[in-house]
Amino acid sequence: MKVQMPRTVTEAEAIQDELRALLDLTGPGPHHPSRIAGVDVAYDRDRLAAAVTVLDGTTLEIVEEVAVAGRVTFDYVPGLLAFREVPALLDALERLSMPPDLVVCDGYGLAHPRRFGLACHLGVLTGLPTIGVGKTAFVGTYPEPAPERGAWTDLTLDGDVVGRVLRTRDGVKPVFVSTGHRVDLDTACHNVLNLTPRYRLPETTRASDRLSRRTLTENCRTELVGSAQYDKMG
């Protein structure tokens with residue numbers, strides 16, 4: 001599906017409303033995905049780098065990486081982050097040799113003020129099963145889960161369950177899991193636990209974060225070198 005880029009906040013919210021009607025929140029989604037993609041975007045002022053890192057679902061080894069550099073085309077507005085990130089992420093995803101079975105976003109899905117975060121947006125546009133794993137709570141309320149790995153509590157917003165607060169490491173701060181598209185919440189949490197054998201955050205998130213930061217640094221360095229060479233010629 002083609003990405004729609006708004007000119008105003010009102011247009012952006014209207015696009016979210018339109019696409020939200022296409023969400024599949026029942027899944028169930030892949031329980032044992034063989035290729036799991038993590039996506040992340042790094043920024044330096046108006047520059048960005050979008051990264052997709054694909055891991056083997058069994059070994060969690062990196063099997064493919066794609067990163068693209070670009071420029072920000074939509075101002076930052078809380079709740080509308082997807083419009084800054086989706087175009088570059090779609091570009092990166094389309095460059096993969098084959099589509100992943102599951103996409104893990106560093107952010108939110110249904111746990112969003114308009115119930116349509118980045119994981120939902122990316123899932124609807126690509127048709128891929130997606131989930132969101134946030135480092136902190138963006139919306140909603142929750143009781144603290146028990147301290148052991150695997151413990152969870154409901155994340156609720158206006159009386160509705162929009163995600164889970166999941167403990168991935170004993171005694172360590174939990175993560176905030178929400179469904180994006182074509183995955184149910186049980187399956188989303190099952191996959192997040194499989195992706196966190198050693199650290200709090202999923203290996204997909206850790207790998208794509210490293211790639212996006214590295215790509216952004218290399219791109220900025222290349223632009224500086226090119227600018228310096230141009231100045232000398234001038």
Side-chain angles (χ1 to χ4, degrees), residues 25 27-42 51-65 81-82 85 89 100-112 115 117-120 122-123 128-157 160-213:
L25 301 176
H31 206 67
H32 299 287
S34 61
R35 288 169 53 89
I36 311 173
V39 300
D40 192 39
V41 179
V52 178
T53 306
V54 181
L55 273 56
D56 180 280
T58 301
T59 66
L60 301 187
E61 296 295 325
I62 295 173
V63 295
E64 188 172 8
E65 292 182 324
L81 178 65
E85 301 196 344
L89 288 175
D101 303 305
L102 177 67
V103 178
V104 180
C105 298
D106 178 22
Y108 309 93
L110 197 62
H112 178 271
R115 315 292 175 94
L118 173 64
C120 297
L122 198 61
L128 296 171
T130 55
I131 62 175
V133 183
K135 301 180 184 71
T136 58
F138 183 33
V139 296
T141 58
Y142 61 93
E144 192 73 12
E148 68 269 16
R149 169 178 161 85
W152 59 269
T153 57
D154 286 330
L155 177 66
T156 59
L157 177 64
D160 297 325
V161 175
V162 294
R164 283 184 187 166
V165 185
L166 178 66
R167 192 85 66 183
T168 56
R169 305 296 300 159
D170 290 347
V172 175
K173 290 190 300 182
V175 296
F176 298 81
V177 182
S178 54
T179 57
H181 183 56
R182 295 181 57 203
V183 182
D184 64 33
L185 200 47
D186 284 336
T187 304
C189 290
H190 166 80
N191 279 292
V192 171
L193 287 174
N194 285 343
L195 288 166
T196 52
R198 295 180 298 276
Y199 300 100
R200 172 180 176 245
L201 297 178
E203 289 299 308
T204 42
T205 299
R206 288 164 46 80
S208 57
D209 175 74
R210 288 193 299 267
L211 178 59
S212 66
R213 292 175 185 273

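Only heavy atoms go into these numbers, but all of them, side chains included; no hydrogens, no water, no symmetry mates. The first residue in the sequence is number 1, and the count goes up from there.
Arg169 places a side-chain N or O within 3.5 Å of a backbone atom of Arg198 that can act as its donor or acceptor partner. Looking only at distances, no side-chain donor or acceptor of Thr168 sits under 3.5 Å from a matching main-chain atom of Leu193. At least one donor-acceptor pair under 3.5 Å links the side chain of Asn191 to the backbone N or O of Pro30.
Leu110 places a side-chain heavy atom less than 4.5 Å from the side chain of Leu25. Here the side chains of Val39 and Thr130 are not in contact, with every heavy-atom distance at 4.5 Å or above. Looking only at side-chain heavy atoms (C-beta outward), Val161 and Leu155 stay at 4.5 Å or farther from each other. Contact annotation: the side chain of Leu118 approaches that of Glu85 to within less than 4.5 Å [non-hydrogen atoms, C-beta and beyond]. Using a 4.5 Å cut-off on side-chain heavy atoms (C-beta onward), Arg35 and Val63 make contact. Contact annotation: the side chain of Pro100 approaches that of Leu128 to within less than 4.5 Å [non-hydrogen atoms, C-beta and beyond]. Annotation: side chain of Val162 is not in contact with side chain of Ser178 (no heavy-atom distance under 4.5 Å). When side chains are defined from C-beta on, Lys135 does not count as touching Lys173, because their heavy atoms never get closer than 4.5 Å.
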>> Could you go through Val52 and Ser208, starting from their C-alpha distance and side-chain angles, then the distance that decides it, and tell me whether this counts as side-chain contact (heavy atoms from CB on, under 4.5 Å)?
In response: CA-CA 6 Å; Val52 178; Ser208 57; over 6 Å; no

> For Leu185 and Thr187, what are the C-alpha separation, side-chain angles and deciding distance, and is it a side-chain contact (heavy atoms from CB on, under 4.5 Å)?
Replying inline: CA-CA 5 Å; Leu185 200 47; Thr187 304; over 6 Å; no

>> Glu65 vs Val54, test: side-chain contact (heavy atoms from CB on, under 4.5 Å). Steps then yes/no.
In response: CA-CA 6 Å; Glu65 292 182 324; Val54 181; over 6 Å; no

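Rounded to the nearest 0.5 Å, atoms CG (Leu122) and CD1 (Ile131) are 12.5 Å apart. The CZ atom of Arg206 sits 11.0 Å away from the CG atom of Leu60 when rounded to the nearest 0.5 Å. Taking CZ of Arg200 as the start and OG1 of Thr205 as the end, the distance is 10.5 Å to the nearest 0.5 Å.
Nearest heavy-atom pair, Glu203 versus Pro197, reported as atom, atom and distance to 0.1 Å: CG-CD, 4.3 Å. The shortest non-hydrogen separation linking Pro143 to Asp154 is CD-O, 3.9 Å. Heavy-atom minimum distance, Ala188 versus Val183: N-CG1, 3.7 Å. Residues Ala146 and Ala151 approach most closely at O-CB, 3.4 Å, considering heavy atoms. The two atoms that bring Gly140 and Leu157 nearest to each other are N-CD1, 4.1 Å, heavy atoms only. What you find for Asp101 and Ser34 is that their closest heavy atoms are OD2-OG, 2.7 Å.
The side-chain tip of Arg164 does not point at the ring of Phe176 from less than 6.0 angstrom away and within 45° of straight on.
Taking the six-membered ring for Trp and thresholds of 30 and 60 degrees, His31 and His190 have nearly parallel ring planes, at less than 30 degrees apart.
Ion pairing of Glu144 with Arg167 is present here, as a side-chain N (NZ or NE/NH1/NH2) and a carboxylate O approach within less than 4.0 Å.
In the model, Thr196 has a side-chain atom that pairs as donor or acceptor with a side-chain atom of Arg149 under 3.5 Å. With hydrogens and angles left out, the side-chain atoms of Asp40 and Ser212 include a donor and acceptor closer than 3.5 Å.
Under the side-chain contact (heavy atoms from CB on, under 4.5 Å) test applied with Leu195, the options Thr204, Val133, Leu201 reduce to a single match, Thr204.
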